Every structure is written in C-alpha cells, then in structure tokens.
Visitor: 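Before I ask anything, let me first share the structure, which is written out below as structure tokens.
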Number of protein chains: 2
Amino acid sequence: MTPAGEPYPTDNPLIRKLGRFVPLSGAECAALEQLSANSRKHPAGTDLIVEGDKPKAVFLILKGWAYRYKHLADGRRQIMAYLIPGDLCDIQIFLFEKMDHSIGLLSDAVVVKIPAAEILDLMDRFPRIERALLWGTLVDEATLREWLLNVGQRFALQRVAHLFCELCVRLSVVGLVDDAESFSLPLTQAELADTTGMTTVHINRTLQRMRKEQLIAMSHGRLTILDFERLAEISGFTQTYLHTDGPPIEQRLRSRLSPPM
Amino acid sequence: MTPAGEPYPTDNPLIRKLGRFVPLSGAECAALEQLSANSRKHPAGTDLIVEGDKPKAVFLILKGWAYRYKHLADGRRQIMAYLIPGDLCDIQIFLFEKMDHSIGLLSDAVVVKIPAAEILDLMDRFPRIERALLWGTLVDEATLREWLLNVGQRFALQRVAHLFCELCVRLSVVGLVDDAESFSLPLTQAELADTTGMTTVHINRTLQRMRKEQLIAMSHGRLTILDFERLAEISGFTQTYLHTDGPPIEQRLRSRLSPPM
DNA sequence: CGCAAGTTTGACGCTGCTCAATCACTGTGG
DNA sequence: CCACAGTGATTGAGCAGCGTCAAACTTGCG
C-alpha cells in the first residue's frame, strides 16, 4: 500500500482521483488499470446514454468531457454536471429502470463502458475501492447541492465565477491545469448558459465583463484563470465540498466511528 | 416475505417507504420497527445538525418536517431538500469529516438518532434493507437534479407548481395526504422563496395568482391541491423520478443484469 | 472560398427584486 | 378582557437584472 500523500505513480485519471480518497494498494491500482483497458473513442456531440434508456453499464471517462443534462418539453435544457477524466457516470444508476437524464459528449472522448456486473465484482473484491466509489458519489451529490445554491441564489457573474473555480480545482486534481492556471474548456456559451440558468446573450456579456476586469482570459477553447482569489471571493467559492485535499484516511475514519455514540 | 403490492400492515413511515422499493420480510420490518423505538421529540426551529459539525449519526424523521439548507455569507439561503416522515438524512454522510450543510426542523418533530455503527450493522444483517437505502439515496439525488432543473429553467409559477406536485406525491406515499388532496405544509413564504430561488414578495404574488386561478387553496398551514393535473401540466411535473410506483422487484432487476452486457 | 457554428451587439421590455409600509394573526402579560 | 409585541402575509411604487428578438460579425473547417 502506498502511504497517503505519496500517490501511486500513474497518469490514469481514475487512480489519480480515487487515490485521493483512500490509499490504494498495488493490486487495487492494477485492477483499476485493467478496467481502463477496453476503452473506446467516441466523437464529440454524441450521447453515451439518453433519457429513457435502460442503464446496463457505467461509463468511465478517460479523456475528454461529458455532461449530464435534461431537456424540457419547450426545448429548454439544464446541464446538471460535467464529467471529466477520472469521473464515473453514476456507479449505481443501473438500479434504475430508466435513465432520467442523458449523458452527452462535449469533445471527442475516450470512454470505458463497464458492465454493471463488473463493477459489482470489483467492489466485492476490493472493499477499499468500493469505499472510494462511495466517496465519489457523495462528492457528486455535494456538488449538485452547490450548483443548486449557485443557480438559486447568486447573480450572473457570481455563478460563472463559481463554476470556473470548481472546474479549475477538479481539473487540477487530474492534472489538466497547467502552471498558468489555464485549461481546456470545450464549452460553448450556450452550454455555459444552460449550466447557470442564464441565456447565451447574458453569458456573453458576463464573460466580457470578467475579461475586462482581468479575472479570466479565453481563447481557442482554453480558459485562463487570471485571478483565482478574486473569483473565489466574488462567488463565495470554497473547495471543501470537492474533498480534494487530504480526505480522512480509513484509519482516521474508523477510529472516529468506533465508539458508537 | 410479503409479496409486492401487498404491503406489510404498518403505520411506520420508514417501512412504508422502503417497502415500496423492495419487498420486506417480517424480520426486516421488525428490525426497522425496532430502529424507530428510541425516538425523541424536537421543537420546531431547532437544528438537528449544522454546517461544520462532525456527523456521527443519521437522523430518521418519524413525524414532522425537516429541511436541508445552506447559508451564504450575505445571508441568502438555499433550501436543498425537505425531509418528511420516513426520510433518512443522508445514510452515508458520516463518511464526511464535516457537514457541508445544515438540517433544521420546520415543525415539532419526532426524530430517531441512529449511530453510524448501527446503520452499518443493519445493512450487514439485511442486504435487502441496504438495497432499499441505496434506492433512497438515488431518489434523493434524482430529486436534487429535478430541483436544479426547476430553479435553473422554469418561471416562478412553474417552480412553485412543480414543488407542490412533488410534495403531494411524496407525502401521499407516507399517507399524509387526505382524500381532498390536502396536506399540512409547515412552510412560511420565506421558506418557499429560499427553496425556489425567489423573494418572499414574489412568492406571495405567485401564490395569489395560483389561488385566483383555482389551482390551490391554502389556510392554516394546510395546502389543498385543487387541480393536480393542471399543476403538473403547467410545471412539466412527472413523478417518475420519485420512483413511487412499483419499482423493479429484486427478481426483475437481477434477471436484467445477469447476462453481463 | 464559403458554409455552419458560435460569438457579439443593440434595442427593448418583462420578470422578478428592493424598499418600505400596512395588515392579520397569535400568544403574552397586566 | 385588552393592549402589546412578534411573526408572517400582503401591498404598492420603482427599477434593475436579465431575457427576447434579430441582425451582424468571427472563427473553424472542408
């Protein structure tokens, strides 16, 4: 087992992410590495699964961006999550009869399709991985709550700022942010609008303002965070809900729970 | 084991709710019944747990209403869930070091505080209960997505209509809606506002409009749905995400998964 | 080079917010 | 039994944030 803080040397995004939740042994890493073997390329713009489908497998994103979304009858759309390398699309969603939302690709992507049975088997064999997956689910849920807060209570500029802070932190966990706090952002303004509950026109004006105020720079599908501190202050962003920084090692958790009270 | 569709006769809201997810045996019902033994009364307005606390237990609501919420620095508040009888407050939340939100009581309530260890034990002994709890978590998450869609994309009247439809369905599952589609709603307009991302003033005007249009009636903390069909149509509500109607029995699910493809 | 997709701009106005006052209800103490 | 206070509901006036519509512009790409 590699001690916490000394991650298993890998560029596998899943191992990188889960390794932050629980320390992973060599065997566990190998199993995860093996999972990633049967990857397939999918082109941008296609859907991995759409509302109404029977979910039979879980998708693991290795490269590229996916997003979770839902349409209303009148054409309005709400984006409910972005899935980046290392993210699993709802580990337990196969319990549902039908998908209640769709998952689409924002860029060309490398994706692993994992049959439900295989996930169950993996969790049986490696309880620590199961625990890490559970962590991941909890973080997804906390993120969803944060998005609700964002859309429900904040102003346009705050919403966008908060989103950018979150993405920056999440992407840096999987090594996709460079030293200049710059990263690939394969989103159109329409997608940003449907994420934050705004219109494209207003997103456009908000982005312009952010550029004028030296908060960000955008070009060629890359976003550069010029002033993370100020973005975080403006939007009230704190990264605790993402649980990226040293979550409790199993040991610590167990001792906290052992005296049942 | 009682066959599906012929529920174990009880007025225990937890059994009532879980029994809809999976068929429960007598032993399982007894275990759940026993859980509910150590209940305590809590007065309205108090918090069960607040942001920053270390979660060590799970709360089960037996009577009354609770709500999950989060404050911003400037005093704005977003309500992120309502918890009604039979609801558990985040079964796995004890994995987190600190609560990232608070849970408060909207009415006098009867609540069971279940130490994390006891929950784990229950899940060990009764896999079917574990499965039902997992279902519950998935439904919570689906509900959160629906709320995000609501707040992000719909107009004021639609938001309120959708919320009322959801509450009506959820409350009727635990037997809290009478024949006239009327139920106790211990919410102030301020709370409705913080749920839907609106102001109290606008909630007030929206409710007036709904009353004038014969959609609802409100008095003495009770809400009567006068025209559920139209409310649902206006807001685009469909109850599928709540998974109240005949979710797959274990058998069906297992056969669907067995050929791993 | 020319199309398609995405971005930007302007004019206009609706939805929903702010502020601030008044009203209604309920429980309290004298 | 009533004055009083506190909480929540209601109202009005004014306006700001953001949406709508429609057109022009820019960029990527075969």
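To find a chain, count down the sequence lines: A is the first, B the second, and so on, and within it residues start at 1. Keep in mind it's a predicted model, so treat the numbers as computed, not measured.
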Visitor: For A:G45, report the nucleic acid contact type (base, sugar-phosphate, nothing); a contact means any heavy atom under 4.0 Å.
Guide: nothing
Visitor: Between C1' on C:dT7 and CE on A:M210, what's the gap in Å once rounded to a whole number?
Guide: 17 Å
Visitor: From the list D:dT10, C:dT7, C:dC17, which nucleotide is the closest neighbour of the side chain of B:H202?
Guide: C:dC17
Visitor: Kindly assign one of parallel, tilted or perpendicular to the pair A:F237 and A:F228, based on the angle between their ring planes and the thresholds 30° and 60°.
Guide: perpendicular
Visitor: Closer than 4.0 Å, any side-chain N/O of B:Q208 to the OP1 or OP2 of D:dT11?
Guide: yes
Visitor: Please check if the side chain of B:Q158 supplies one atom and the backbone of B:F155 the other of a donor-acceptor pair under 3.5 Å.
Guide: yes
Visitor: Parallel, tilted or perpendicular: which describes the rings of A:Y69 and A:H71, with under 30° parallel and over 60° perpendicular?
Guide: perpendicular
Visitor: Go through D:dA13, D:dC21, C:dT15 for me and flag the one nearest to the A:V201 side chain.
Guide: D:dC21
Visitor: Have a look at the helix from C:dC1-D:dG30 to C:dG30-D:dC1 and give the angle its two end axes make, five pairs each, rounded to 10 degrees.
Guide: 30°
Visitor: Using OP1 and OP2 only, check whether a side-chain N or O of A:N204 sits under 4.0 Å from C:dT7.
Guide: no
Visitor: If you compare every side-chain N and O of A:H220 against the phosphate oxygens of D:dT27 (OP1, OP2), does one of them come in below 4.0 Å?
Guide: no
Visitor: Let me know the distance between CZ of A:R205 and P of C:dA11, rounded to the nearest Å.
Guide: 10 Å
Visitor: Taking A:P43's backbone N and O only, do any of them form a donor-acceptor pair with A:D108's side chain (distance below 3.5 Å, no angle check)?
Guide: no
Visitor: At less than 4.0 Å, is any side-chain N or O atom of B:R211 found next to OP1 or OP2 of D:dT10? Yes or no.
Guide: yes
Visitor: Kindly say whether the aromatic ring centers of A:F164 and A:H162 come within a distance under 6.0 Å.
Guide: no
